[in-house]
**Q** 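Please see the structure below; I have some questions.
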Amino acid sequence: MRSTGQDQQQVRSVWQKLHIDLPLLIGILSLMTLGCFIVYSAGGQEMDIVYRHGKRLGVAVIVMLFVAQIPPLSYRKWAVPVFVVGVLMLVSVLLFGHVGKGAQRWLDLGVTKFQPSEIMKLVVPIMIAWFISQDNLPVKVFTVIQAFVLVLIPTLLIAKQPDLGTSLLIASSGIFVIFLAGASWKLIAICAGLASAFAPILWMFLMKDYQRQRVMTFLNPEQDPLGSGYHIIQSKIAIGSGGVEGKGWLQGTQSQLEFLPERHTDFIFSVFSEEFGLIGVAVLLAVYLFIVMRGLWIAVNAQHAFTKLLAGSITLTFFVYVFVNIGMVSGLLPVVGVPLPLVSYGGTSMVTLLAGFGMLMAISTHRRFHV
Amino acid sequence: MAPRRVIIRNQTAEANLFARRSFIAFCGVLALLIILFANVFTLQISAYEKYQTRSNSNRIKLLPVAPNRGLIYDRNGVLLADNKPVYSLEIIPEDVKDIKKSVKQVSELLGISEERQDKFFKAIRGKRRFKPVELHSRLSDQQVALFSVNQHKFPGVFVDARLKRYYPFADLTTHNLGYVARINRKDANKLEQQGKAENYAATYGIGKLGIEKYYEDILHGTIGHQEVEINNQGRVVRTLDYTPPIPGKDLTLSLDIELQMIAKRALSGKRGAIVAMDPRSGEVLAMYSNPSYDGNLFVHGISSKNYRNLLNSKDLPLINRSVQGYPPASTVKPFLALTGLEENIITPDTKVWDPGWYQLEGLPNKYRDWKKWGHGWVDLTRAIEQSCNIYFFDLAFKLGITKISTMMENFGFGDYTGIDIHEESKAIMPSVGWKRGRYNKPWYTGETLSVGIGQSYWTVTPLQLTQALTTLVNEGERKVPHLLKATREAVTTEDNTVKYVNKEIVYEAQAPIQLKNSNNWRTVLDAMHSTVQKLGATGHAAFKGSQYDAAGKTGSAQVARIKQDEKYDAEKTEESKRDNAMFIAFAPYEAPEIVVAVAIENVAKGGGATNAAPVARQIMDQYFGDRVITSSAQTQKKNSVSTIVHHGDHNHDNPLVHSQLVNNQQVAPQQQDVSY
């Protein structure tokens with residue numbers, strides 16, 4: 001027994017030296033593997049697209065492992081300058097940005113183009129976690145208001161691009177920090193009230209026509225089955241016709257015959273549920289739940305308020321991805337462009353996401369040495 | 001940056017607070033996951049069937065597959081209506097790189113007109129790019145060969161074959177077979193009403209006339225279906241299931257195409273019709289109307305110019321004369337004689353004095369015999385042999401119109417024969433009631449005299465003549481004339497192979513004509529026999545030296561009215577007003593196998609004996625061939641498996657025939673006084 005214990009200690013220490021959180025890694029890799037299979041099925045059964053997907057996954061995993069090597073408390077030094085630069089870049093995107101798919105998201109640096117909003121997904125929780133953790137928890141009302149303003153600046157800038165999905169994720173990453181920092185329930189209730197008061201203003205003044213159309217479509221997709229309602233109707237048909245056991249891998253007629261739009265990106269969950277059925281969905285949701293539980297476990301066990309808040313925010317934001325994506329393709333939420341994390345085909349967001357998991361791993365593995 | 005404050009942290013309190021908040025967040029996560037799962041559960045379990053159905057209706061389409069139309073054969077198995085592949089040049093726009101260049105090059109190669117090219121470019125607009133579009137609808141064999149050699153140069157261009165009707169004998173069979181042509185809106189509406197539209201979903205053409213129309217249901221067959229999977233653009237991905245179409249049944253007609261050819265040759269250059277029938281069965285052996293036209297023209301859609309030519313031709317080729325009314329003239333004298341015998345107006349020995357004219361008491365009109373100085377004393381046999389008008393004026397006068405029309409109606413005059421084509425006319429059997437109904441005028445006795453020599457309002461179709469003659473030679477037993485002899489039926493034999501056997505059609509027996517004295521049949525038939533066999537009788541010359549024992553009756557119908565003392569001279573008369581020549585005949589006398597009726601319009605010289613009788617002779621010569629018929633019945637063995645009962649079902653709504661009928665009034669005369 002003792003020797004086993006020692007072995008375990010040794011094994012753990014090997015992973016720890018590598019700054020890898022094994023349960024998290026297993027969860028992530030299993031979703032990625034699954035993703036490759038579904039991307040193959042949804043992408044017209046061509047290996048090309050799987051290779052490209054695999055390459056991006058490889059890059060993202062390397063980024064994750066690299067980020068995991070950085071001691072998490074050192075982020076604090078960079079929080080303010082990076083946040084400021086990020087906001088400036090968002091402003092310049094609006095001024096000189098490259099227009100792609102009808103929205104200004106890309107900044108052309110001459111060598112490469114990138115989306116500043118992706119960086120902000122990580123910078124905002126770091127910034128807010130740093131800002132709040134300077135003081136004792138629970139967070140005070142005034143600090144909350146200040147933190148709100150900090151969250152609102154990038155959120156509005158991104159919403160203006162317009163990129164509703166990302167701005168939603170960034171806003172929630174900040175709000176999660178505030179929530180986990182122990183903002184009083186009274187305050188939360190007031191904020192919720194303000195938010196619902198804000199909704200009509202958002203509808204009337206901030207949302208663009210196509211966004212309003214999406215919401216209308218969400219409320220009644222059958223009203224325009226061949227136009228704006230087409231996506232969601234076809235997606236629900238795909239999911240529903242999967243039944244308990246699904247039609248089988250590569251056998252989903254909705255996806256293979258291309259009735260489903262955006263099959264390998266935003267609507268990959270529909271392909272998955274058509275081919276693997278309710279059983280597959282249960283397993284998939286269980287894996288997501290496992291990752292969220294592991295993330296929260298890391299957060300609870302982190303030894304500093306900053307790392308606790310950061311880890312919690314990253315984990316819960318990850319879940320927002322899952323919820324928004326599955327919710328939208330199954331008709332619970334309006335269609336906003338959010339991919340299914342770790343499964344959907346897609347570049348930039350995957351790297352950002354895994355950088356976030358790298359931070360989680362760093363928080364999980366560095367804690368013994370940096371208090 | 002503000003100077004760093006020294007914070008005294010309560011680590012445990014913070015950790016507890018954070019853990020509490022994390023737990024709440026976790027509960028939130030769990031709740032949302034349950035909502036997601038419940039929603040997917042609803043979609044996949046509760047609404048499974050709905051979405052399953054919608055998914056299938058998304059992807060599965062039924063493509064109709066047209067059945068092959070049944071073929072038509074003559075009685076000896078000669079193919080009369082075939083299905084021939086027709087080649088069209090098709091282009092799938094999506095598969096062609098430079099469509100303008102490709103179309104130009106292929107058109108140059110095959111000599112396709114600019115007009116067709118323009119039509120093509122118009123057609124590809126608004127069509128799905130992967131659906132083939134037709135550039136040329138009917139390629140010649142040469143064009144097909146030329147294209148096949150060069151096909152590699154034209155990706156996306158291909159030749160498609162479709163089966164279309166082809167009549168190898170062209171105009172020889174058109175009036176019997178009719179033709180198949182494109183289903184027009186009227187046909188489509190009718191199919192819709194009859195609930196047959198679905199069965200015709202993939203069918204190009206439908207029977208428009210004749211046998212093709214009458215037996216449309218048998219010939220057409222049952223549609224098949226190809227169940228295919230399609231993608232979101234409607235492109236066929238694969239075939240899931242295939243229900244083959246059931247081809248239409250092949251028909252074997254009673255026609256003998258060789259006899260038909262003889263008929264055509266005999267009528268060449270003339271307007272007229274020939275009907276030959278087997279009196280034992282009612283099978284029509286030959287039925288030809290001249291001039292005819294090529295039904296193949298209509299299969300591919302006749303050009304309006306060609307159609308106008310057919311419609312406006314003064315020879316009226318579109319009319320099937322074998323089922324249109326002609327004044328029967330003297331051909332009906334045997335039937336009238338029979339009526340006289342049956343009504344006891346005359347006996348075989350009754351003699352009438354023929355001075356060359358007949359006059360009713362108290363009336364100035366003289367009714368003339370064709371022989372100016374008369375025949376002297378004539379009895380029944382001599383009256384028929386010499387076609388003596390005076391005898392029949394007298395007989396008709398004594399019978400009266402009612403007795404005549406009643407008996408003639410028993411022979412089928414003035415009614416549909418029940419033949420299996422729809423183009424038949426009833427012709428006219430005049431009677432007191434008919435005249436009242438038609439002209440609202442009383443019947444005049446003078447008209448009865450004209451009826452006595454087959455003139456006046458009386459018209460008969462050549463087919464009616466063969467039917468009546470059949471009844472006569474069968475001594476009262478009536479037959480329905482018909483063209484369909486058998487259908488080819490698939491029969492599964494004991495060793496489970498499918499064989500095709502001819503299934504003979506049995507036609508419903510008609511109530512026979514019962515005479516009070518059945519010897520009267522023989523009396524009349526004998527007279528017809530001697531008309532052909534006795535030297536000097538009207539039918540003798542035409543049948544001199546024949547190897548079979550024929551009997552018959554001549555007739556010459558006057559088409560134009562001749563004034564009281566005017567003399568008719570064919571050569572000086574306008575062609576359309578010249579006499580019609582008629583002849584009916586049967587052979588062998590003892591046991592008739594064939595009855596023939598001939599009608600020839602507006603002959604230049606002579607009458608039935610010199611114009612129509614030789615034509616009947618040619619038909620019979622062909623029919624009997626080298627056979628020498630002496631006497632005694634020829635029995636033919638017949639194996640008939642049969643259950644189908646034939647009913648004369650007539651539907652005379654063919655507008656073509658009706659419009660032609662109006663033009664054809666010249667065939668139906670008003671009133672004639674003299675018969676030759």
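Convention: sequence-line order gives letters A, B, ...; per-chain numbering from 1.
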**Q** Identify which of Leu43(B), Asn56(B), Ile45(B) forms the greatest number of heavy-atom pairs closer than 4.5 Å to chain A.
**A** Leu43(B)
**Q** Could you look at Leu316(A) and say if it's the side chain, the backbone, both or neither that has a heavy atom under 4.5 Å from chain B?
**A** side chain
**Q** Does any heavy atom of chain B fall under 4.5 Å from the side chain of Ala181(A), the backbone, both, or neither of them?
**A** backbone
**Q** Find out whether Leu32(B) and Phe319(A) are in side-chain contact, i.e. whether some heavy atom of one side chain is under 4.5 Å from a heavy atom of the other.
**A**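 Yes, side chains in contact.
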**Q** Set out, in order, the CA-CA distance, both residues' side-chain angles and the distance that settles side-chain contact (heavy atoms from CB on, under 4.5 Å) for Phe269(A) and Leu36(B), then state yes or no.
**A** CA-CA 12 Å; Phe269(A) 177 80; Leu36(B) 285 183; over 6 Å; no
**Q** Would you compute the distance between atom OG1 of Thr253(A) and atom CD1 of Ile60(B) and round it to the nearest 0.5 angstrom?
**A** 8.0 Å
**Q** Tell me, with the steps shown, if Leu332(A) and Ile35(B) meet side-chain contact (heavy atoms from CB on, under 4.5 Å).
**A** CA-CA 9 Å; Leu332(A) 280 180; Ile35(B) 289 173; 3.8 Å; yes
**Q** Taking all non-hydrogen atoms of both residues into account, name the closest pair between Ser55(B) and Gln254(A) and its distance.
**A**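 Of all heavy-atom pairs spanning Ser55(B) and Gln254(A), the closest is CA-OE1, 4.0 Å.
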**Q** Tell me if the CD atom of Glu115(B) is crowded by more than 12 foreign heavy atoms within 6.0 Å.
**A** no
**Q** Is Leu309(A) close to chain B through its backbone or its side chain, or both, or neither, when contacts mean heavy atoms under 4.5 Å?
**A** both
**Q** Are the side chain of Glu49(B) and the backbone N or O of Ser241(A) linked by a donor-acceptor pair below 3.5 Å?
**A** no
**Q** Just checking Phe154(B): does its CZ atom have more than 12 heavy atoms from other residues, nucleotides or ligands closer to it than 6.0 angstrom?
**A** yes
**Q** If you apply the rule side-chain contact (heavy atoms from CB on, under 4.5 Å), what do you find for Gln52(B) with Ile237(A), and how did you get there?
**A** CA-CA 7 Å; Gln52(B) 176 68 28; Ile237(A) 291 173; over 6 Å; no
**Q** Please name the pair of heavy atoms, one in Gln234(A) and one in Asn58(B), separated by the smallest distance, quoted to 0.1 Å.
**A**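 Closest pair (atom of Gln234(A), atom of Asn58(B), distance): OE1-ND2, 2.8 Å.
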**Q** Chain A heavy atoms under 4.5 Å from Ala15(B): which part of the residue, side chain, backbone, both or neither?
**A** both
**Q** Which heavy atom in Gln11(B) sits nearest to a heavy atom in Gln303(A), and how many Å separate them?
**A** OE1-O, 4.1 Å
**Q** Look at Pro138(A), Gly242(A), Gly182(A) and state which one has the largest set of heavy-atom pairs under 4.5 Å with chain B.
**A**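 Looking at each of Pro138(A), Gly242(A), Gly182(A) in turn, Gly182(A) comes out on top.
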**Q** Could you walk me through whether Gln44(B) and Val281(A) pass the side-chain contact (heavy atoms from CB on, under 4.5 Å) check?
**A** CA-CA 10 Å; Gln44(B) 294 193 313; Val281(A) 171; 4.2 Å; yes
**Q** Let me confirm one number: the CG-CD distance from Leu257(A) to Glu229(B), rounded to the nearest 0.5 Å.
**A**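 Those atoms lie 4.5 Å apart.
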**Q** Test your reading of the model: is there a side-chain donor-acceptor pair from Arg54(B) to the backbone of Lys236(A), 3.5 Å cut-off?
**A**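 Side chain of Arg54(B) to backbone of Lys236(A): no pair is present.
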**Q** Specify which of Ile230(B), Thr42(B), Ile24(B), Leu33(B) makes the most heavy-atom pairs with chain A at under 4.5 Å.
**A**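 If we count pairs closer than 4.5 Å to chain A, Leu33(B) comes out on top.
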**Q** Within a reach of under 6.0 Å around CD of Glu134(B), are more than 12 heavy atoms found that belong to other residues, nucleotides or ligands?
**A** yes
**Q** Which one of Gly331(A), Gly312(A), Ala299(A), Gly327(A) has the most heavy-atom pairs closer than 4.5 Å to chain B?
**A** Ala299(A)
**Q** Here's one to test your reading of the geometry: is the NZ or CZ of Arg20(B) within 45 degrees of the ring axis of Trp185(A) and under 6.0 Å from its centre?
**A** no
**Q** Non-hydrogen atoms of chain B under 4.5 Å away: do they reach the side chain of Phe179(A), the backbone, both or neither?
**A** both
**Q** Return the minimal non-hydrogen interatomic distance between Tyr48(B) and Gly240(A), and the atom names on each side.
**A**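 Result for this residue pair: CD1-O, 3.2 Å.
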**Q** Under 4.5 Å, counting heavy-atom pairs only, tell me which of Val40(B), Leu17(B), Val29(B), Leu30(B) racks up the most with chain A.
**A**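 Maximum pair count with chain A is reached by Val29(B).
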**Q** Determine the option with the most heavy-atom pairs under 4.5 angstrom with chain B, choosing from Val322(A), Val300(A), Leu278(A).
**A**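 Sorted descending by pairs with chain B, the first entry is Leu278(A).
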**Q** Would one find more than 12 heavy atoms of other residues, nucleotides or ligands at under 6.0 Å from atom NZ of Lys119(B)?
**A** no
**Q** Identify which part of Leu296(A) has an atom lying under 4.5 Å from any heavy atom of chain B, answering side chain, backbone, both or neither.
**A**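 Contact with chain B involves the side chain of Leu296(A) alone.
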**Q** Please check if the number of heavy atoms outside Gln151(B) that lie under 6.0 Å from its CD is greater than 12.
**A** yes
**Q** With a 4.5 Å cut-off on heavy-atom pairs, point out which of Val244(A), Val320(A), Leu289(A) contacts chain B the most.
**A** Leu289(A)
**Q** I'd like to know whether CZ of Phe121(B) has more than 12 heavy-atom contacts from other residues, nucleotides or ligands below 6.0 angstrom.
**A**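 Yes - once you tally the heavy atoms of other residues, nucleotides and ligands closer than 6.0 Å, there are more than 12.
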